[in-house]
Number of protein chains: 2
Amino acid sequence: MNIGDVADLSGLPAKTIRYYEDIGLVEPLRSANGYRSFRQSDVHKLAFLGRARALGFTIEDCRSLLKLYADTDRASAEVKQIAEEHLDRIDRKIAELTEMRATLSHLVDACAGDHRPNCPILADLAMEEDKTRTARAAD
Amino acid sequence: MNIGDVADLSGLPAKTIRYYEDIGLVEPLRSANGYRSFRQSDVHKLAFLGRARALGFTIEDCRSLLKLYADTDRASAEVKQIAEEHLDRIDRKIAELTEMRATLSHLVDACAGDHRPNCPILADLAMEEDKTRTARAAD
DNA sequence: GTTGACCTTCCAGTGAATGGAACCCTTATG
DNA sequence: CATAAGGGTTCCATTCACTGGAAGGTCAAC
(Lines give C-alpha, C1' and ligand atoms only; values in the text may rest on other atoms or scores of the structure.)
Protein backbone atom coordinates (compact mmCIF):
# COMPACT_ATOMS: atom_id res chain seq x y z
CA MET A 1 0.00 0.00 0.00
CA ASN A 2 1.22 3.51 -0.78
CA ILE A 3 1.33 6.31 1.73
CA GLY A 4 -1.81 8.04 0.47
CA ASP A 5 -3.95 4.96 1.05
CA VAL A 6 -2.45 4.48 4.48
CA ALA A 7 -3.16 8.12 5.28
CA ASP A 8 -6.79 7.60 4.35
CA LEU A 9 -7.05 4.39 6.33
CA SER A 10 -5.26 5.57 9.45
CA GLY A 11 -6.54 9.13 9.43
CA LEU A 12 -2.98 10.43 9.76
CA PRO A 13 -1.59 12.95 7.25
CA ALA A 14 1.04 11.51 4.93
CA LYS A 15 3.49 14.04 6.31
CA THR A 16 2.97 12.71 9.80
CA ILE A 17 3.45 9.14 8.63
CA ARG A 18 6.77 10.06 7.01
CA TYR A 19 7.72 11.79 10.23
CA TYR A 20 6.86 8.67 12.21
CA GLU A 21 9.13 6.69 9.94
CA ASP A 22 11.88 9.28 10.45
CA ILE A 23 11.77 8.84 14.20
CA GLY A 24 11.58 5.09 13.92
CA LEU A 25 8.00 4.36 14.92
CA VAL A 26 7.24 2.49 11.70
CA GLU A 27 9.50 0.88 9.16
CA PRO A 28 7.61 0.41 5.91
CA LEU A 29 9.25 -1.51 3.08
CA ARG A 30 10.21 0.18 -0.17
CA SER A 31 8.97 -0.65 -3.63
CA ALA A 32 11.32 -0.76 -6.61
CA ASN A 33 10.36 2.82 -7.49
CA GLY A 34 11.36 4.08 -4.07
CA TYR A 35 7.82 4.47 -2.80
CA ARG A 36 7.09 3.38 0.74
CA SER A 37 5.23 0.09 0.79
CA PHE A 38 3.11 -0.43 3.89
CA ARG A 39 2.08 -3.83 5.17
CA GLN A 40 -1.12 -4.49 7.09
CA SER A 41 0.93 -4.52 10.26
CA ASP A 42 2.25 -1.03 9.49
CA VAL A 43 -1.25 0.27 8.94
CA HIS A 44 -2.31 -1.30 12.21
CA LYS A 45 0.61 0.28 14.01
CA LEU A 46 -0.19 3.70 12.59
CA ALA A 47 -3.81 3.43 13.62
CA PHE A 48 -2.59 2.46 17.09
CA LEU A 49 -0.38 5.54 17.10
CA GLY A 50 -3.25 7.72 15.99
CA ARG A 51 -5.40 6.55 18.86
CA ALA A 52 -2.62 6.83 21.42
CA ARG A 53 -1.78 10.36 20.26
CA ALA A 54 -5.48 11.25 20.36
CA LEU A 55 -5.41 10.27 24.02
CA GLY A 56 -2.53 12.69 24.45
CA PHE A 57 0.26 10.16 24.98
CA THR A 58 3.63 11.62 24.03
CA ILE A 59 5.57 10.15 21.16
CA GLU A 60 7.93 8.52 23.65
CA ASP A 61 4.96 7.03 25.49
CA CYS A 62 3.76 5.73 22.14
CA ARG A 63 7.13 4.17 21.47
CA SER A 64 6.96 2.37 24.81
CA LEU A 65 3.37 1.32 24.30
CA LEU A 66 4.17 -0.12 20.88
CA LYS A 67 7.05 -2.06 22.35
CA LEU A 68 4.83 -3.40 25.11
CA TYR A 69 2.14 -4.24 22.60
CA ALA A 70 4.62 -6.24 20.58
CA ASP A 71 5.77 -8.12 23.66
CA THR A 72 3.00 -10.59 24.43
CA ASP A 73 4.71 -11.45 27.70
CA ARG A 74 4.59 -7.94 29.18
CA ALA A 75 2.95 -7.36 32.51
CA SER A 76 -0.14 -5.20 32.26
CA ALA A 77 1.29 -3.27 35.22
CA GLU A 78 3.88 -1.72 32.90
CA VAL A 79 1.21 -0.42 30.57
CA LYS A 80 -0.94 0.75 33.42
CA GLN A 81 1.91 2.74 34.89
CA ILE A 82 2.44 4.67 31.68
CA ALA A 83 -1.28 5.35 31.45
CA GLU A 84 -1.50 6.45 35.07
CA GLU A 85 1.40 8.84 34.72
CA HIS A 86 -0.27 10.29 31.68
CA LEU A 87 -3.54 10.57 33.56
CA ASP A 88 -1.70 12.57 36.21
CA ARG A 89 -0.28 14.87 33.59
CA ILE A 90 -3.76 15.41 32.21
CA ASP A 91 -5.17 16.10 35.66
CA ARG A 92 -2.47 18.64 36.39
CA LYS A 93 -3.05 20.34 33.07
CA ILE A 94 -6.80 20.46 33.63
CA ALA A 95 -6.27 21.93 37.09
CA GLU A 96 -3.94 24.56 35.70
CA LEU A 97 -6.37 25.51 32.93
CA THR A 98 -9.31 25.54 35.30
CA GLU A 99 -7.53 28.01 37.51
CA MET A 100 -6.67 30.23 34.55
CA ARG A 101 -10.26 30.00 33.44
CA ALA A 102 -11.59 31.07 36.81
CA THR A 103 -9.38 34.15 37.03
CA LEU A 104 -9.91 35.09 33.44
CA SER A 105 -13.67 34.71 33.39
CA HIS A 106 -13.85 36.74 36.56
CA LEU A 107 -11.96 39.53 34.82
CA VAL A 108 -13.97 39.24 31.62
CA ASP A 109 -17.19 39.53 33.60
CA ALA A 110 -15.89 42.62 35.35
CA CYS A 111 -15.03 44.34 32.07
CA ALA A 112 -17.75 46.45 30.49
CA GLY A 113 -16.37 45.81 27.01
CA ASP A 114 -17.62 49.09 25.63
CA HIS A 115 -16.06 52.19 24.08
CA ARG A 116 -14.75 53.51 27.39
CA PRO A 117 -11.09 53.02 28.28
CA ASN A 118 -11.53 51.80 31.84
CA CYS A 119 -10.63 48.10 31.89
CA PRO A 120 -10.38 45.79 34.89
CA ILE A 121 -8.54 43.20 32.81
CA LEU A 122 -5.63 45.51 32.06
CA ALA A 123 -5.82 46.92 35.58
CA ASP A 124 -5.36 43.45 36.99
CA LEU A 125 -2.51 42.54 34.66
CA ALA A 126 -0.81 45.79 35.62
CA MET A 127 -1.64 45.20 39.29
CA GLU A 128 -2.93 48.71 39.55
CA GLU A 129 -4.43 49.72 42.82
CA ASP A 130 -8.06 50.46 42.19
CA LYS A 131 -9.71 52.74 44.73
CA THR A 132 -13.19 51.72 43.65
CA ARG A 133 -12.59 48.19 44.84
CA THR A 134 -11.84 46.93 48.29
CA ALA A 135 -9.10 44.41 48.92
CA ARG A 136 -8.73 41.70 46.28
CA ALA A 137 -8.74 39.16 49.06
CA ALA A 138 -12.40 39.99 49.62
CA ASP A 139 -13.28 38.61 46.16
CA MET B 1 18.67 47.92 37.47
CA ASN B 2 20.52 44.88 36.12
CA ILE B 3 18.83 41.83 34.71
CA GLY B 4 19.34 39.71 37.81
CA ASP B 5 17.45 42.11 40.04
CA VAL B 6 14.67 42.40 37.49
CA ALA B 7 14.48 38.63 37.30
CA ASP B 8 14.06 38.48 41.07
CA LEU B 9 11.46 41.25 41.08
CA SER B 10 9.41 40.04 38.15
CA GLY B 11 9.78 36.34 38.79
CA LEU B 12 10.89 35.80 35.20
CA PRO B 13 14.18 34.01 34.44
CA ALA B 14 16.89 36.30 33.07
CA LYS B 15 16.92 34.18 29.95
CA THR B 16 13.28 34.87 29.37
CA ILE B 17 13.75 38.59 29.86
CA ARG B 18 16.50 38.61 27.25
CA TYR B 19 14.21 36.70 24.95
CA TYR B 20 11.45 39.25 25.51
CA GLU B 21 13.85 41.97 24.51
CA ASP B 22 14.82 39.96 21.42
CA ILE B 23 11.24 39.82 20.24
CA GLY B 24 10.63 43.45 21.08
CA LEU B 25 8.40 43.25 24.14
CA VAL B 26 10.73 45.38 26.26
CA GLU B 27 13.48 47.79 25.33
CA PRO B 28 15.77 48.29 28.30
CA LEU B 29 18.53 50.90 28.09
CA ARG B 30 22.18 49.91 28.11
CA SER B 31 24.82 50.94 30.62
CA ALA B 32 28.29 51.96 29.53
CA ASN B 33 29.54 48.44 30.21
CA GLY B 34 26.98 46.91 27.88
CA TYR B 35 24.73 45.60 30.63
CA ARG B 36 21.00 46.03 30.21
CA SER B 37 19.67 48.81 32.38
CA PHE B 38 16.01 48.43 33.30
CA ARG B 39 13.79 51.32 34.32
CA GLN B 40 10.82 50.99 36.67
CA SER B 41 8.57 51.00 33.63
CA ASP B 42 10.45 48.02 32.18
CA VAL B 43 10.09 46.10 35.40
CA HIS B 44 6.41 46.91 35.45
CA LYS B 45 6.02 45.76 31.88
CA LEU B 46 7.78 42.49 32.63
CA ALA B 47 5.60 41.83 35.65
CA PHE B 48 2.60 42.52 33.42
CA LEU B 49 3.94 40.01 30.93
CA GLY B 50 4.50 37.47 33.65
CA ARG B 51 0.91 37.71 34.80
CA ALA B 52 -0.50 37.65 31.28
CA ARG B 53 1.58 34.58 30.42
CA ALA B 54 0.48 32.93 33.66
CA LEU B 55 -3.08 33.35 32.45
CA GLY B 56 -2.05 31.56 29.29
CA PHE B 57 -2.17 34.49 26.87
CA THR B 58 0.08 33.93 23.87
CA ILE B 59 3.05 36.20 23.32
CA GLU B 60 1.17 37.91 20.50
CA ASP B 61 -1.77 38.46 22.81
CA CYS B 62 0.66 39.96 25.30
CA ARG B 63 2.02 42.27 22.66
CA SER B 64 -1.48 43.47 21.89
CA LEU B 65 -2.38 43.82 25.54
CA LEU B 66 0.73 45.87 26.23
CA LYS B 67 -0.10 48.14 23.33
CA LEU B 68 -3.64 48.58 24.59
CA TYR B 69 -2.37 49.19 28.08
CA ALA B 70 -0.10 51.94 26.80
CA ASP B 71 -2.99 53.53 24.92
CA THR B 72 -5.09 55.24 27.57
CA ASP B 73 -7.78 55.93 24.95
CA ARG B 74 -8.40 52.30 24.03
CA ALA B 75 -11.90 50.91 24.29
CA SER B 76 -12.21 48.20 26.92
CA ALA B 77 -14.08 46.21 24.27
CA GLU B 78 -10.78 45.60 22.48
CA VAL B 79 -9.23 44.12 25.57
CA LYS B 80 -12.31 42.13 26.39
CA GLN B 81 -12.34 40.58 22.95
CA ILE B 82 -8.80 39.30 23.31
CA ALA B 83 -9.64 37.89 26.72
CA GLU B 84 -12.83 36.27 25.50
CA GLU B 85 -11.08 34.60 22.60
CA HIS B 86 -8.51 33.28 24.99
CA LEU B 87 -11.23 32.08 27.33
CA ASP B 88 -12.70 30.14 24.41
CA ARG B 89 -9.34 28.57 23.69
CA ILE B 90 -9.07 27.54 27.31
CA ASP B 91 -12.57 26.10 27.31
CA ARG B 92 -11.86 24.09 24.19
CA LYS B 93 -8.63 22.78 25.66
CA ILE B 94 -10.32 21.83 28.92
CA ALA B 95 -13.06 20.03 27.01
CA GLU B 96 -10.47 18.14 24.97
CA LEU B 97 -8.51 17.12 28.04
CA THR B 98 -11.63 16.16 29.93
CA GLU B 99 -12.60 13.82 27.14
CA MET B 100 -9.14 12.27 27.07
CA ARG B 101 -9.30 11.91 30.81
CA ALA B 102 -12.63 10.12 30.69
CA THR B 103 -11.51 7.57 28.12
CA LEU B 104 -8.15 7.04 29.74
CA SER B 105 -9.40 6.65 33.29
CA HIS B 106 -11.96 4.18 32.01
CA LEU B 107 -9.17 2.13 30.50
CA VAL B 108 -6.93 2.44 33.53
CA ASP B 109 -9.73 1.21 35.75
CA ALA B 110 -10.28 -1.77 33.49
CA CYS B 111 -6.64 -2.79 33.62
CA ALA B 112 -5.58 -5.16 36.37
CA GLY B 113 -2.09 -3.76 36.43
CA ASP B 114 -0.51 -6.98 37.59
CA HIS B 115 2.06 -9.42 36.24
CA ARG B 116 -0.31 -10.91 33.69
CA PRO B 117 -0.06 -9.82 30.06
CA ASN B 118 -3.74 -9.23 29.38
CA CYS B 119 -4.24 -5.49 29.07
CA PRO B 120 -7.43 -3.64 28.11
CA ILE B 121 -5.45 -0.45 27.52
CA LEU B 122 -3.36 -1.96 24.76
CA ALA B 123 -6.36 -3.87 23.48
CA ASP B 124 -8.25 -0.63 23.06
CA LEU B 125 -5.37 1.18 21.37
CA ALA B 126 -5.02 -1.75 19.00
CA MET B 127 -8.80 -1.92 18.52
CA GLU B 128 -8.66 -5.61 19.12
CA GLU B 129 -11.93 -7.44 19.14
CA ASP B 130 -12.35 -8.85 22.60
CA LYS B 131 -14.65 -11.84 22.81
CA THR B 132 -15.11 -11.37 26.55
CA ARG B 133 -16.73 -8.00 25.96
CA THR B 134 -19.86 -7.15 24.09
CA ALA B 135 -20.00 -4.23 21.69
CA ARG B 136 -18.04 -1.14 22.71
CA ALA B 137 -21.14 0.91 21.98
CA ALA B 138 -22.72 -0.69 25.04
CA ASP B 139 -20.16 1.00 27.30
C1' DG C 1 45.64 39.60 41.46
C1' DT C 2 42.52 36.36 41.70
C1' DT C 3 38.26 34.45 42.90
C1' DG C 4 33.40 34.27 42.07
C1' DA C 5 29.23 36.21 40.84
C1' DC C 6 27.51 38.73 37.62
C1' DC C 7 26.79 40.05 32.73
C1' DT C 8 27.24 39.56 27.36
C1' DT C 9 26.35 37.17 22.64
C1' DC C 10 25.47 33.35 19.78
C1' DC C 11 24.09 28.73 18.57
C1' DA C 12 21.39 24.61 19.27
C1' DG C 13 17.61 22.03 20.97
C1' DT C 14 12.84 21.06 22.73
C1' DG C 15 7.78 18.39 20.72
C1' DA C 16 5.30 17.10 17.19
C1' DA C 17 4.46 18.08 13.48
C1' DT C 18 3.60 21.24 9.15
C1' DG C 19 4.66 24.01 4.80
C1' DG C 20 7.06 24.41 0.79
C1' DA C 21 10.47 23.77 -2.95
C1' DA C 22 12.37 20.89 -6.28
C1' DC C 23 12.20 16.83 -8.34
C1' DC C 24 10.71 11.65 -9.76
C1' DC C 25 6.99 8.02 -11.21
C1' DT C 26 2.70 6.51 -13.36
C1' DT C 27 -1.21 6.71 -16.10
C1' DA C 28 -4.39 8.80 -19.31
C1' DT C 29 -5.27 11.57 -23.05
C1' DG C 30 -4.67 14.82 -27.38
C1' DC D 1 5.12 11.59 -28.74
C1' DA D 2 4.25 15.18 -25.56
C1' DT D 3 2.20 16.52 -21.68
C1' DA D 4 -0.69 17.14 -17.79
C1' DA D 5 -2.59 15.45 -13.50
C1' DG D 6 -1.93 13.34 -9.46
C1' DG D 7 0.62 10.40 -6.97
C1' DG D 8 5.30 9.88 -4.69
C1' DT D 9 10.39 11.35 -2.93
C1' DT D 10 13.92 14.25 -0.18
C1' DC D 11 15.46 18.14 2.34
C1' DC D 12 15.11 22.52 4.62
C1' DA D 13 12.63 25.93 7.32
C1' DT D 14 9.12 27.22 10.54
C1' DT D 15 6.08 26.94 14.42
C1' DC D 16 5.83 28.36 20.06
C1' DA D 17 8.04 30.04 24.00
C1' DC D 18 11.49 29.37 25.80
C1' DT D 19 15.90 26.81 27.78
C1' DG D 20 20.80 25.11 27.90
C1' DG D 21 25.35 25.76 27.16
C1' DA D 22 29.79 27.62 25.52
C1' DA D 23 33.00 31.31 25.35
C1' DG D 24 34.08 35.39 27.02
C1' DG D 25 33.70 40.43 29.32
C1' DT D 26 32.88 43.16 34.00
C1' DC D 27 32.77 44.15 38.75
C1' DA D 28 33.31 44.04 43.87
C1' DA D 29 35.65 41.91 47.57
C1' DC D 30 39.47 39.93 49.71
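Values below: every heavy atom of this structure, side chains too, minus hydrogens, waters and symmetry copies. Naming convention: chains lettered A, B, ... in sequence-line order (proteins, then strands); numbering from 1 in each chain.
- Remark: Glu96(A) pairs with no residue by the side chain to side chain donor-acceptor pair (under 3.5 Å) rule, at least two apart or across chains.
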Please tabulate, for the side chains in residues 47-62 of chain A, all donor-acceptor contacts under 3.5 angstrom to protein atoms that are two or more places apart in sequence or on a different chain.
from, atom 1, to, atom 2, distance (Å)
Arg51(A), NE, Leu125(B), O, 2.7
Arg51(A), NH2, Leu125(B), O, 2.9
Arg53(A), NH1, Phe57(A), O, 2.5
Thr58(A), OG1, Glu60(A), N, 3.4
Thr58(A), OG1, Asp61(A), N, 2.9
Thr58(A), OG1, Asp61(A), OD2, 3.4
Glu60(A), OE1, Arg63(A), NE, 2.9
Glu60(A), OE2, Arg63(A), NE, 3.4
Glu60(A), OE2, Arg63(A), NH2, 3.3
Asp61(A), OD2, Thr58(A), N, 3.4
Asp61(A), OD2, Arg89(A), NH2, 2.6

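- Every residue two or more places apart in sequence or in another chain that forms a side chain to side chain donor-acceptor pair (under 3.5 Å) with Asp91(B) is listed here: Arg101(A).
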* Summary of protein contacts for nucleotides 24-30 of chain D, nucleotide by nucleotide, where a base hit scores B, a sugar-phosphate-only hit scores S (4.0 Å, heavy atoms) -> -BBS---
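- Partners of Lys67(B) under the salt bridge (Lys or Arg N to Asp or Glu O under 4.0 Å) rule, at least two apart in sequence or in another chain, do not exist in this structure.
- Not a single donor-acceptor pair under 3.5 Å links the side chain of Ser76(B) to the backbone N or O of Cys111(A).
- Following rounding to the nearest Å, Arg30(B) (CZ) and dT8(C) (P) show an atom-to-atom distance of 6 Å.
- A donor-acceptor pair under 3.5 Å is absent between the side-chain atoms of Ser31(B) and the main chain of Asn33(B), judged by distance alone.
- Asp71(A) places a side-chain N or O within donor-acceptor distance of the main-chain N or O of Asp73(A), the cut-off being under 3.5 Å.
- Not counting sequence neighbours, Glu99(A) has no partner by the salt bridge (Lys or Arg N to Asp or Glu O under 4.0 Å) test.
- Contacts between residues 3-13 of chain B and DNA chain C, counted as heavy-atom distances below 4.0 Å, involve Ile3(B), Gly4(B).
- Judged purely by atom type and a 3.5 angstrom limit, Asn2(B) has no side-chain atom pairing as donor or acceptor with the backbone of Gly4(B).
- Formation of a donor-acceptor pair under 3.5 Å by the Ser10(A) side chain with backbone atoms of Val6(A) is found in this model.
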Result block: side-chain N/O donor-acceptor pairs under 3.5 angstrom for residues 35-42 of chain A, not counting sequence neighbours:
from, atom 1, to, atom 2, distance (Å)
Arg36(A), NE, Glu21(A), OE1, 2.4
Arg36(A), NH2, Glu21(A), OE1, 3.2
Arg39(A), NE, Asp42(A), OD2, 3.1
Arg39(A), NH2, Glu27(A), O, 2.8
Arg39(A), NH2, Asp42(A), OD2, 3.4
Asp42(A), OD2, Arg39(A), N, 2.9

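- Axis orientation changes by 40° from one end of the helix from dG1(C)-dC30(D) to dG30(C)-dC1(D) to the other, with each end axis drawn from 5 pairs and the value rounded to 10°.
- Among residues two or more places apart in sequence or in another chain, the salt bridge (Lys or Arg N to Asp or Glu O under 4.0 Å) test is passed with Asp8(A) by none.
- Non-hydrogen atoms lying under 4.0 Å from DNA chain C are contributed by nothing in residues 37-68 of chain B.
- At dT8(C), one or more side-chain N or O atoms of Arg36(B) fall inside 4.0 Å of OP1 or OP2 (strictly under the cut-off).
- Interface residues of residues 16-27 of chain A facing DNA chain C, ordered by number: Thr16(A), Tyr19(A), Tyr20(A); criterion, heavy-atom separation under 4.0 Å.
- At least one donor-acceptor pair under 3.5 Å links the side chain of Thr98(A) to the backbone N or O of Ile94(A).
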